[in-house]
Structures are given as structure tokens and as C-alpha cells.
Amino acid sequence: MTHVPSEDSHKIQVSTAKSPPPNSKRTIAHELESMETSARPSRCRETNGGPAGPCNPWTGKPFSSLYYQLEEKRRALPVFQERERIVEIVKRNRVVVLQGETGSGKTTQVPRLLLEAGFQRIACTQPRRIAAVSVATRVAHEMDVRLGELVGYTIRFEDVSHPKLTRLKYVTDGMLLREAFQDDRLSRYDCIILDEAHERTLSTDVLMGLLKGILKQRPELHMVVMSATLERDHFCTYFDHAPLLNVSGRMHPVDIRFAERPVFDYLFAVEQQVRQIHENEPAGDVLIFLTGEEEIEDMCSRLRHYSRATARKHGAPLQVLPLYSALPMSVQERVFEPPRPPEARKVIVATNVAETSITIDGITYVIDPGFAKVKIYNPSTRVESLLVSPISQDSARQRAGRAGRTRPGICYRLYTEEAFRTELPARSHPEILRSNLCNVVLTLKKLGIHDLIHFDFMDPPAPDTMIRALEMLFYLGAVDEEVELTQLGRQMAEFPLDIQIARMLLESPRHGSSNEAITLAAMLSVPNVFLRPRQQADEADARKQRFVVSDSDHATLVRVFEAFMDHGCDRQWCAENYLNDRALMHAVNIRRQLELMMQRMGLRICSPGRRAPDRWIRLRRCVLEGFFSQTAFWMRRRDYLTIRDEQLVGLHPSSVIRHRPSWVVFHEFVLTTGSYIRTVSQIEPKWLFELPTKYYDLLEYKEGASRRALELAARLTGQRRSAAP
DNA sequence: TAGGGTTTT
């Protein structure tokens, strides 16, 4: 019996963290355990009088027909050609930096080669869940083994791996970091591969620093850092001059064409470029990179208009397709379908999703205006915001590469070669330099790292950012005066949540409302669930009214979630109510996970009941328990002033709050056309003084508007603290 | 009264 992977094998199998994978059998365990580490095909015994064929050393069974198909392709990959060199250099060095271009096969082949070379347990990290799943599936097929046994994967909510059998595990970088919570030397692995290291995600950066320390403690551990673009100096130097291996890719040539002179209106230039391609260049699909939803929808209508106006003159029409992550899945998937009508030229107008996360084959022309929205963090105001910025040279190369996946292509850069060299930074700023570090610091503390300032980050964050993070952890009760992790802090780190949300959950049983708080925590952890297509904005707003709790955006979110559950998580119902079903389904999963965690920690799951008049009051108090540092009081007309930082802000127009409460708590501060606070709830000022935190000690405030507002609030609510000078 | 790039636990 051969195991032929079918379409079903691609489906995601779900199992809980500690249970064995589906269909695991003792016989396979036996086979694997008795197997030698080097995997050379052996001969199978003759069965049923048939001839003896080559036999899969991992299973002892004859190979399937699919195996031979995949094997042929795999042997043609550049990495396969270099296999001996790769294995040798990894075995001889503790750390190796492997630079393999797109199409080299590094992600599928390197881990397997190392397994076959005798490593006992290998983890290979991926920045994205979908990559971990699809690569693990591919490798299991290539090795002709069942997914979840020898080869498996672990991502949040899904563990398709076996504690004993799995020897090659693909895992999201965040998940491996979590594993280090249980085992801070990651001692089950003798080889750890960090893939896509050039993306420099927060988790990969923390893992790199952590692993550098672990390497010193565990002389048997080997590590491979795999990266696509040239950052050789940076990676090699960081890992004490680790050797660099370079494997060529298999890409088709891409002709790069720069603008001859600077472009001032890139949207206009994009449109001109599409016309030029459509009217003069041979058939082939076009991919355009823009910065956001609004720009994309605008461009789509301009291009559709052009297509309608000129279809007769130029023969084939354009099929214009938007692509950004907030789009419903069904709309996103259209970019993979054949064009409609069949003779049309597809024009995909995308955000950065198309740069790394979503790969579309068959693109011949790429148009790159050279901008993207980037998250920036300002530690002095503690505001994270999005800013349209020039992309990096690395990013520009990545975009260009999207044109040469299946055949030679052209990339039109709407900036001059001079600008490319002098105005674009060589590399993107790693995320760790652009983020609020509260959770990173808490993670490091939990991992037992005491000297945070000297933690060996590849790019150390600004001291100010670290200090701000520590200060916040202190106010939240996660660390004490000696900057030691408290019991509360340990619990907060367990939760896969922003620490403020974790704190809200931990305090919620005290307010008799942990049930609602868990729902809210899940809703705050997923993207905005309210859809508002420009054409149907009024209708969408009207639908949202059905869920409104007039003094709280937080409570409104809880009501939306409950209504979603009441309607059986129905997608159609979501569509009718302009709600993002994907985000809501995700919230359902998160909620389930959080509830289990709460129960395991012995925290009470309680609710005042849906009809209780004080239900939303309790919830708003829970919110304040986590977000007490994000309150604001009404100043004048439309303006609020944030406490402590005294920033003048407006209520975001998406808020359900129509009156002007004197005090509010908010979830986030956004900087767009103005300064806004978004996801807001009314609070009673007296609650501030009942919080178990020093944050509202009047002594902590300099003379100013905030202090005066607090003094007034204290006086009005009869707080004795107001008497303090 | 307006916009949210992308990921992950």
C-alpha cells in the first residue's frame, strides 16, 4: 500500500497541542525509531511475487508514483545541485548564513538535506502561517511520508506534528519563540533554521538574539540563517563571522526600466504606464504596487474607465483586480483565476501583500512607484502610526522579481536610477526599530533575560523605546521596582495578546465580566470587522447602527461578536451586515483559546448576563484596567486631551459615541489627516482613582491641564487624594 | 466626521 497524497492531504488537519497526529500508527513509529540516520534508498522485499523496487528509507515502503514526479523536479533545483557542499559546511560550522535567491529551493530542500545528513530534530521557522503549512505539506509529499509524522508543522491553533515522530518541523517564528517559554534552550532541536531572515520580523529578531546565547550553552546545536537578499555582511558579522553560502536562484531575467526624470504624480504615471503597456507591449499580466485601499480602489476605477473607453480600439480589454488584505477571500482569489473574458489582460492593483505574502504566477509587467505604508513608532508620544514612505532597494528588487517567475518580464520603476541609488535606503528598517516594545520586553523577561539593555539584538532598539516599555510594564504591574517579573507579569506573558489586553483579562473576574472581556480581547486582536465599501458607505453605517451601544465602541464590538455567534457564524449574514467574516471567524478561534487559558489559570469565567443593566458598565471598567494609560478628557468643542502626554485629539469619526463624555478610555491613537483616538468608551472619572496602579497619583503630574482635570475629577467624586498638594 | 501596509503569539 503506498500513500499517495491526494487533494485531501492539502487540507489542514487540526489537532490539539498534545494529542498525536491523526492516523498515527504504531508500525510507523517502530519503523522510524529503528531507522538509521542516513537515508539511502534500500531495496524493498519482494511482495506478492512482484519485482523488488527502490524503497522509501523513512517508511520501508515502495515509493508512490507521485514521489517520482516530485523527485524529478526537486533534483533540478539549484539547492539540490549544491547539496554536498551545503551539508558539509553546516556540519562543520555552528552557524551558517545561506543566501538563496527565489526559486533556489532552499525552504523545501535544505531542512530535508540536513535531516538526511543525520540531524535528529530540526525546526525551520517561517514568518507566515500559510507558508509553514504549505511547505511542510510539500516536503512530506516529496519525501513520500504522511504529514504530521516525520515531517510536520506547528502554527497557532494547529499542531500537525508528533512529539516523538516528527523530526522536521516547520513552525512560525512566533511559535518557536513560544516554545522557548517552556524550554529556554530549545533543547529538543539539534538544528534550527531561520528562514526568510531578511524579513526581520519581530519574532525572528528576538529569536536570533536568543539563539546567539543558546549557541554558547549548547555546543551541539547548529543553526542556519536563510535569507533571500544580500545582507551578507550584516548577518555574517552578527553571527561572529559565520560562513556564507550562496545558492543561485532560478529566475527569468527582468528588464528594469527607470523613469528618465522625477515623477511628481505617481498615480497619473501608473495610469500612463498601463496604457503604454496595453497599447504597445505583447500579452502578459500587469502587477501594480500602491500604498493602500483607497488608492487601489481609485486606480481600479480609472483603469476600468480607460479599458471601457478603448476596448474596441485595442482589442483585448483589461480585467482590473484589486488586491489587499482587507478584501474578502473570495475577491482576493480572483487574481488566481483565468482572465475574464479569456482574451483580457489582467491588471492587479495591490498593496505590499503581493510583495511577499501572495505570489501570483504569470506576471510579466510590474509597475513600482516606490512607495509603501510603513509603521512607525514614536516613543516620546507612544504612538504607532502608518506613514507613506519610500521603499528600500531590497524591497524594490523583491517587487521587480515578481515579474520574472514564469517567464522574462519588465519592471517599470517610476523613479529615476539616481533616486534609486541615493534616495532609497538599502534595506528596510527592521520592525523592532519601529514598534512599541512592551511585548518584546515582557517576552525576554519571561525567557529569563535580565540584562535587557545589553541583550544582543542585531539592531538594538533605541534606549528610549526600551525605557518606555519598562515603564509601562511597571505601571501594568508586570515588573516590580527592581524590574523583576511579577507573578502577574508571568501570567500576562502567557497570553498571546498585547499586554494591556492581557491585563484587562486578568482583572476581569473582579468585575464579574470575564466572559465579555474575553470576547472583547478576541475582537481587539483581529482586524477591523466593519466593512465600509465606498459605494455603500451609508448602507454600511445604517447596518452598524443595529449593534451600537451608544457610550462604548468596545461594547459594540462585543455585541457584533455575539450576534455573529447567534447567527451561527453565517457568512451570508456577515455580508448583509457589512461585516468581515474572516476576521470574525478568527475572533471565534482566539476567543476559544483565551477561554481555555483562563480556565487553566484558574480564573473565573463569569458574566452579569445579557440583560443585566450594568453589563456594559462592568465591561468599560475592565477596559480601563488594561488601558488606564490611554484615557483622555474633554477640552473644548471636538477636542480631547490625552492624559500624561497632553496630546490634543479628536474622536475618530468611526466611533459610535455621539455625545461628548467628559472622560474616555481609548484603544488606539491614530495619526492620519489629524490626531484621532479610535475604539473609545466613556468612563467615570472616579474609576481612575480606584485602579490598583500608581498611574493616577496626582504627585506624578506636573502642573498643567491634565493635573487640573484630575484634581477637578477627584473633587467632584469626593476623592480624598485631591487634598494632596 | 475619515481611512488601515503586512505579519504573528
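So you know, we letter chains A, B, ... as the sequences are listed, proteins then strands, and number each from 1.
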Practice problem: Give A/Thr201 one of three labels, base, sugar-phosphate or nothing, depending on what nucleic acid heavy atoms sit under 4.0 Å from its own. | Solution: nothing
Self-check item: Any side-chain donor near an acceptor of the partner, A/His659 and A/Gln682, under 3.5 Å
Solution: yes
Quiz item: Checking all strands, does A/Leu202 fall into the base, sugar-phosphate, or nothing category for heavy-atom contacts under 4.0 angstrom?
Solution: nothing
Quiz item: Can you check the A/Lys375 NZ to B/dG5 C1' distance for me, whole Å?
Solution: 11 Å
Quiz item: Can you tell which of B/dT7, B/dG4, B/dT9 lies closest to the side chain of A/Arg128?
Solution: B/dT7
Self-check item: Distance in angstrom units between A/Ile677 CD1 and B/dA2 P, rounded
Solution: 15 Å
Quiz item: Is any side-chain N or O of A/Arg532 under 3.5 Å from a base N or O of B/dG4, one able to act as donor and the other as acceptor?
Solution: no
Quiz item: Does A/Gln393 offer a backbone N or O that forms a donor-acceptor pair with the side chain of A/Ser395 under 3.5 Å?
Solution: no
Quiz item: Any idea which of B/dG4, B/dT7, B/dA2 is nearest the A/Glu431 side chain?
Solution: B/dT7
Exercise. Select base, sugar-phosphate, or nothing to describe what A/Glu295 touches, counting heavy atoms under 4.0 Å on all strands.
Key: nothing
Practice problem: Just call it for A/Phe495: base, sugar-phosphate, or nothing, with non-hydrogen atoms closer than 4.0 Å on any strand. | Solution: nothing
Quiz item: Within this structure, what is the OH-to-C1' distance between A/Tyr324 and B/dG5, rounded to whole angstrom?
Solution: 13 Å
Quiz prompt | Among B/dG3, B/dT6, B/dG4, the nucleotide that comes nearest once only the side chain of A/Tyr676 is considered | solution = B/dG3
Self-check item: Given B/dA2, B/dT6, B/dT9, the nucleotide with the shortest approach to the side chain of A/Arg156
Solution: B/dT9
Quiz item: Is A/Arg503 reaching over with its side chain to a backbone N or O of A/Leu476, donor-acceptor style, under 3.5 angstrom?
Solution: yes
Quiz item: For the pair made of CZ in A/Arg434 and C1' in B/dT7, what is the distance, rounded to whole Å?
Solution: 11 Å
Quiz item: Is a side-chain donor or acceptor of A/Arg129 paired with a backbone partner of A/Arg156 at a separation under 3.5 angstrom?
Solution: yes
Self-check item: Among B/dT9, B/dG4, B/dT6, the nucleotide that comes nearest once only the side chain of A/Met175 is considered
Solution: B/dT9
Quiz item: Do we see a donor-acceptor contact under 3.5 Å between the side chains of A/Asp553 and A/Thr679?
Solution: no
Self-check item: Rounded distance (Å) that lies between atom C1' of B/dT8 and atom CG of A/Asp205
Solution: 14 Å
Exercise. Tell me what A/Val374 touches on the nucleic acid: a base, only sugar-phosphate, or nothing, going by heavy atoms under 4.0 Å.
Key: nothing
Quiz item: With side chains defined as the heavy atoms from C-beta onward, is the minimum distance between A/Ile367 and A/Leu287 less than 4.5 Å?
Solution: no
Quiz item: Closer than 4.0 Å, any side-chain N/O of A/Arg129 to the OP1 or OP2 of B/dT9?
Solution: yes
Practice problem: For A/Ser325, report the nucleic acid contact type (base, sugar-phosphate, nothing); a contact means any heavy atom under 4.0 Å. | Solution: sugar-phosphate
Self-check item: Below 4.0 Å: OP1/OP2 of B/dT7 and any side-chain N or O of A/Thr172
Solution: no
Quiz item: Within this structure, what is the CG-to-P distance between A/Asp498 and B/dT8, rounded to whole angstrom?
Solution: 15 Å
Exercise. Quick one: label A/Glu293 by what it contacts on the DNA or RNA (base, sugar-phosphate, nothing), any heavy atom closer than 4.0 Å.
Key: sugar-phosphate
Self-check item: Distance below 4.0 Å between A/Thr443 side-chain N/O and B/dT9 OP1 or OP2
Solution: no
Practice problem: Report which part of the nucleic acid A/Arg658 touches: base, sugar-phosphate, or nothing (heavy-atom distance under 4.0 Å, all strands). | Solution: nothing
Exercise. Just compare B/dG5, B/dA2, B/dT9 and give me whichever is closest to any side-chain atom of A/Lys373.
Key: B/dG5
